[in-house]
There are 2 protein chains.
Amino acid sequence: MSEKKNQELRRAGLKITAPRLKILHILENTAAGHMSAEDIYKTLLSEGDDVGLATVYRVLSQFETAGLVVRHGFDENHAVYELETGDHHDHLVCQDCRKIIEFVDESIEVRQAEIARKHDFKMTSHCLYIYGICGSCQTDLPA
Amino acid sequence: MSEKKNQELRRAGLKITAPRLKILHILENTAAGHMSAEDIYKTLLSEGDDVGLATVYRVLSQFETAGLVVRHGFDENHAVYELETGDHHDHLVCQDCRKIIEFVDESIEVRQAEIARKHDFKMTSHCLYIYGICGSCQTDLPA
DNA sequence: GTCCGTGCAAAGGATTTGCATAATC
DNA sequence: GATTATGCAAATCCTTTGCACGGAC
């Protein structure tokens, strides 16, 4: 059943272990889409799994190196991770509820490449974060 | 002579003190344009000034609150600051020499506003980092 | 003189690392 | 059975905070 996950790990050159499978599973099933190491650790604990926080960090780091997950620094104080799905996208971040919405805008992508070229930069990656207040939080705000 | 700096501090509601004037001076005269607290601390020490690192952090934090400087998180591990000049701009970051180039692209700005609106977000700020290798570092790279 | 600012050292939070044990292949 | 993973605790890095003293107004 989780044969797919086993393959993903093997492909990444990592042994199949319980912590790795569980973390992969959590990342695949999170509603939030983006989780911090601490979030994942708490989820594991709440599911009765005995995994150390250090292991969570180690596994996430290995996953990142293997290209299974992408790490983001929306928040200065802690990193969040999401599964690498192959499609690049940028993020809208609600500063109130921390909700994250992904989007892709081709014209921005094109302009970025032009800007890098104009400045003689060989672009390796880029990230665009738009911070704001999402619709539901605007509604919830005190009048 | 540094009467201009005195005014900036007063306007920010901060008393005129040696550490504040010195840090303002360093930020105004840095070639790099963007410095970390540690960078500023080391610069102070190298100039023979006896200022504590904690003070550097405190002053930068006050300056940020006062709108005198802007803080950036290019690097996950430490914040960098630059003087607030009033004009918004985004950044190209060389991953090799850490050089930072500022740029503004009106069409990207416009698209961002549209995207926020489309998702019913009230945009408060945004940041776009393009990471890559700058021209001179490309040349310096081993063949 | 009062209040704010500073230096130092200690505290804090996120992340990493050392080491002995335990699991995978 | 050899090698890689894990858990725990200690260590690190950047940044913040508590406190007593010194300086700005």
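Sequence lines set the chain letters: A, B, ... in the order given, protein chains first and strands last, and positions in each chain run from 1. Only this structure's heavy atoms are used, side chains among them; waters, hydrogens and symmetry mates stay out.
Atom CZ in A/Arg10 sits roughly 17 Å away from atom P in D/dT4 (whole-Å rounding). When the P atom of D/dT6 is taken as reference, atom CG of A/Asp49 falls 13 Å away, rounded to whole Å. Rounded to an integer number of Å, the gap from B/Tyr57 OH to D/dT15 P is 3 Å. The distance from atom CG of B/Asp50 to atom P of D/dG22 is 14 Å, rounded to the nearest whole Å. Going from atom CZ of A/Arg58 over to atom P of C/dA22 covers 16 Å, rounded to whole Å. Residue B/Leu9 contributes atom CG, which lies 12 Å from atom C1' of D/dA24 at whole-angstrom precision. A/Asp39 has its CG atom 11 Å from the P atom of C/dA14, to the nearest Å. Atom NE2 in B/His78 sits roughly 16 Å away from atom C1' in D/dT12 (whole-Å rounding).
Nearest-nucleotide positions on DNA chain D for B/Ala37 and B/Lys15 put B/Ala37 closer to the 5' end. Residue whose closest nucleotide on DNA chain C sits further toward the 5' end, between B/Glu76 and B/Pro19: B/Pro19. Annotation: of the two residues near DNA chain D, B/Ile16 and A/Gln62, the 5′-most nearest-nucleotide partner is A/Gln62.
For B/Ala54, the side-chain atoms get nearest to C/dA9 when compared with the rest of C/dT16, C/dT6, C/dA9. If you check D/dC14, D/dT16, D/dA5 against the side chain of A/Leu14, the one that comes closest is D/dA5.
Checking side-chain atoms of A/Glu84 against main-chain N and O of A/Ala66 turns up no donor-acceptor pair under 3.5 Å. Counting only distance, with no hydrogens or angles, the side chain of B/Tyr131 and the backbone of B/Phe74 share a donor-acceptor pair below 3.5 Å. In this structure, A/Arg20 contributes its side chain and A/Val59 its backbone to no donor-acceptor pair below 3.5 Å.
OP1 or OP2 of D/dT6 lies within a sub-4.0 Å distance of a side-chain N or O belonging to A/Thr17. Taking 4.0 angstrom as the limit, A/Thr55 places a side-chain polar atom (N or O) nearer than this to OP1 or OP2 of D/dG7. Taking 4.0 angstrom as the limit, A/Ser36 places none of its side-chain polar atoms (N or O) nearer than this to OP1 or OP2 of C/dA14. Contact between the side-chain N/O atoms of B/Arg20 and the OP1/OP2 oxygens of C/dT6 is found at a separation under 4.0 Å.
Side-chain contact check for B/Glu47 and B/His25: no donor-acceptor pair (N or O, by modelled atom type) lies under 3.5 Å.
Salt bridge annotation for B/Glu114-B/Arg111: present, with a cationic side-chain nitrogen under 4.0 angstrom from a carboxylate oxygen.
Within 4.0 Å (heavy atoms only), A/Ala79 reaches sugar-phosphate atoms of the nucleic acid but no base atom.
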